[in-house]
Participant: 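Below is the structure I would like to discuss, written out as structure tokens.
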There are 2 protein chains.
Amino acid sequence: MFGEHRHKEETGIERLPKRQRQQRLVELIDENPFVTDRELTRRLKVSIQTIRLDRMELGIPELRERMKLMAERSYDQVRSLAAEEVIGDIIDLQLDRSGISIFEIREEHVFSRTQIARGHHIFAQANSLAVAVINDEIALTASADLRFVRPIHLGEKCIAKAYVRSSPGKAGRAKVEVLSYVGEEMVFQGNFIIYRSDDKKPADYGLAPPERQEQAANEEDTRT
Amino acid sequence: MFGEHRHKEETGIERLPKRQRQQRLVELIDENPFVTDRELTRRLKVSIQTIRLDRMELGIPELRERMKLMAERSYDQVRSLAAEEVIGDIIDLQLDRSGISIFEIREEHVFSRTQIARGHHIFAQANSLAVAVINDEIALTASADLRFVRPIHLGEKCIAKAYVRSSPGKAGRAKVEVLSYVGEEMVFQGNFIIYRSDDKKPADYGLAPPERQEQAANEEDTRT
DNA sequence: CGACTTTTAGAACCTGGTACTAACCGCTAG
DNA sequence: CTAGCGGTTAGTACCAGGTTCTAAAAGTCG
């Protein structure tokens, strides 16, 4: 029972027990999703039927299906890029009062050298939330004041909490404070001034002097 | 000769002349890249051979090849998403002095309702440039002060100009001012404080108190 | 009419599989 | 010893969605 494993061990990369082989299979496939069963037989030194049985058991679709899924995913990603209205998942929202969003730092958000999140992603989460929390037709960031308290690393979950500081529905501007945490630790702080439409026109937005506003309005016309 | 076109016209969507059919084919395929030849025969009312000859002539690969290409594209997009080190195209860069980048506002950058660019994209361009202009191993945004002077609209080209304000290579922090323009008009202004590695350690970064730093350092260890 | 382009048809073949049947190997329990 | 079982392998039929090639029919023009 003990002592002797199965098969010979000396030759090194010989056939693995089922469990390990299947794990290796998963690794190989998501390392290179474009691998065919035939190639896998060479890698794992088992028959093509075994490969296929393994895929069945593991619920891994065939190559073509995998490619189709990837293609579809990337296709409606492009289609719905505009649908990504918000960076981070908003998990709580009390309009004109407060909001919470959660954002996981993934590969694409970090500097590859240091694995530290780029500032603009952290800002994007906070900014999205600050805009979302404002209960208005149009809400635009007018200005902001940011402190990146400590670097945020790959894999960390960043939880942003926004609080509307100014009396709601009043002026054309709202103050929103956003604090972002990883666990207990505050990692980012931002004070936003958000322009809100209210009843006023968007032309009231911004800090530009009057003649600029007209220019802007003109440009808007020529562009639409 | 004249008057009579080819075939009967009365029935409406009848077979088109070759040229137009091929154009329609292109439209149909890039409207829905997942369409099979068989489906196309139904759409265009020609035989499957004609469809295939058309694809040949137009250099359009078969369905499976199309899906594969899409999958591959999306795959190495994911792989090289880290390569998108910078938002906007940097067209001029004098390290530790100044830099210019250009960024065109596209569909995916605007609020669909208003066609106005989301603040964080404008920030991302400025932030990327501010970081890029710093001639250091590691450069991280420590804090920033932003003014969104006027809304930026779909299709506008935003040109960001960064100027390093602090004496270069000196302290652990650099001041960078970024001004963004559409044409002559200033649309955004940001003052960044960028943490730079210099000879110091990244642990020196941030405004967190000492015990926080250890925590951060620990986390870094557990994560690598 | 004959020459030419365009369209259609059909058969053979390809890849990368699925689905199913059958056999074999090594081990163990009765 | 033998039957049973998990795991593996082999082989065949079949499929989608094509390619490649040959050949013929249909429409077009001078």
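All chains are named by letter (A, B, ...) in the order of the sequence lines, taking the proteins before the strands, and each is independently numbered beginning at 1.
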Participant: In the structure I gave you, are the side-chain heavy atoms of B:Leu93 and B:Val133 within less than 4.5 Å of one another anywhere?
Facilitator: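 Counting from C-beta outward, B:Leu93 and B:Val133 do come under 4.5 Å.
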
Participant: To the nearest angstrom, how far is B:Glu39 atom CD from D:dG17 atom P?
Facilitator: 9 Å

Participant: Angle between ring planes, A:His109 versus A:His121, binned at 30° and 60°: parallel, tilted or perpendicular?
Facilitator: perpendicular

Participant: Tell me the interatomic distance from A:Gln22, atom CD, to D:dG6, atom P, rounded to whole angstroms.
Facilitator: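 Going from CD in A:Gln22 over to P in D:dG6 covers 15 Å.
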
Participant: In terms of side-chain geometry, is the basic nitrogen of B:Arg55 or B:Glu65 positioned less than 4.0 Å from the acidic oxygen of its partner?
Facilitator: no

Participant: Kindly say whether A:Cys158 contributes a backbone atom to a donor-acceptor pair with the side chain of A:Ser180 at under 3.5 angstrom?
Facilitator: no

Participant: Round to the nearest Å and state the distance from A:Ile48 atom CD1 to C:dA19 atom C1'.
Facilitator: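 Roughly 15 Å, once rounded to whole Å.
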
Participant: Kindly give the atom pairs (protein nitrogen or oxygen, nucleotide nitrogen or oxygen) under 3.5 Å for nucleotides 13-16 of chain C.
Facilitator:
unit_1: C:dT15; atom_1: O2; unit_2: A:Arg64; atom_2: NH2; d: 2.2
unit_1: C:dG16; atom_1: O4'; unit_2: A:Arg64; atom_2: NH2; d: 3.2
unit_1: C:dG16; atom_1: N2; unit_2: A:Arg64; atom_2: NH1; d: 3.3
unit_1: C:dG16; atom_1: N3; unit_2: A:Arg64; atom_2: NH1; d: 2.9

Participant: NA contact type, A:Arg21, heavy-atom cut-off 4.0 Å: base, sugar-phosphate, or nothing?
Facilitator: sugar-phosphate

Participant: Can you find a heavy atom in the side chain of B:Leu146 that is under 4.5 Å from one in the side chain of B:Phe123?
Facilitator: yes

Participant: What integer distance in Å separates A:Glu65:CD from C:dG17:C1'?
Facilitator: 10 Å

Participant: Take a 6.0 Å sphere around CD of A:Glu57 and say whether it holds more than 12 heavy atoms from other residues, nucleotides or ligands.
Facilitator: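 Yes - once you tally the heavy atoms of other residues, nucleotides and ligands closer than 6.0 Å, there are more than 12.
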
Participant: Rounded to whole Å, please give me the gap between CD1 in A:Ile60 and P in C:dG17.
Facilitator: 12 Å

Participant: Between atom CE in B:Met56 and atom P in D:dC21, what is the gap in whole Å?
Facilitator: 11 Å

Participant: Measure the distance from NZ on A:Lys18 to C1' on C:dG26 and round it to the nearest whole Å.
Facilitator: 15 Å

Participant: Using whole Å, report how far NZ of B:Lys68 lies from P of D:dA16.
Facilitator: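 Going from B:Lys68 (NZ) to D:dA16 (P), I get 22 Å.
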
Participant: Let me know, please, whether B:Thr50 or A:Gln49 comes out on the 5' side of the other along DNA chain C by nearest nucleotide.
Facilitator: B:Thr50

Participant: Is there a side-chain contact between B:Arg55 and the phosphate of D:dT19, meaning an N or O under 4.0 Å from OP1 or OP2?
Facilitator: yes

Participant: Test the B:Arg66-B:Phe34 pair against the cation-pi criterion, namely NZ or CZ under 6.0 angstrom from the six-membered ring centroid and within 45° of the ring axis.
Facilitator: no

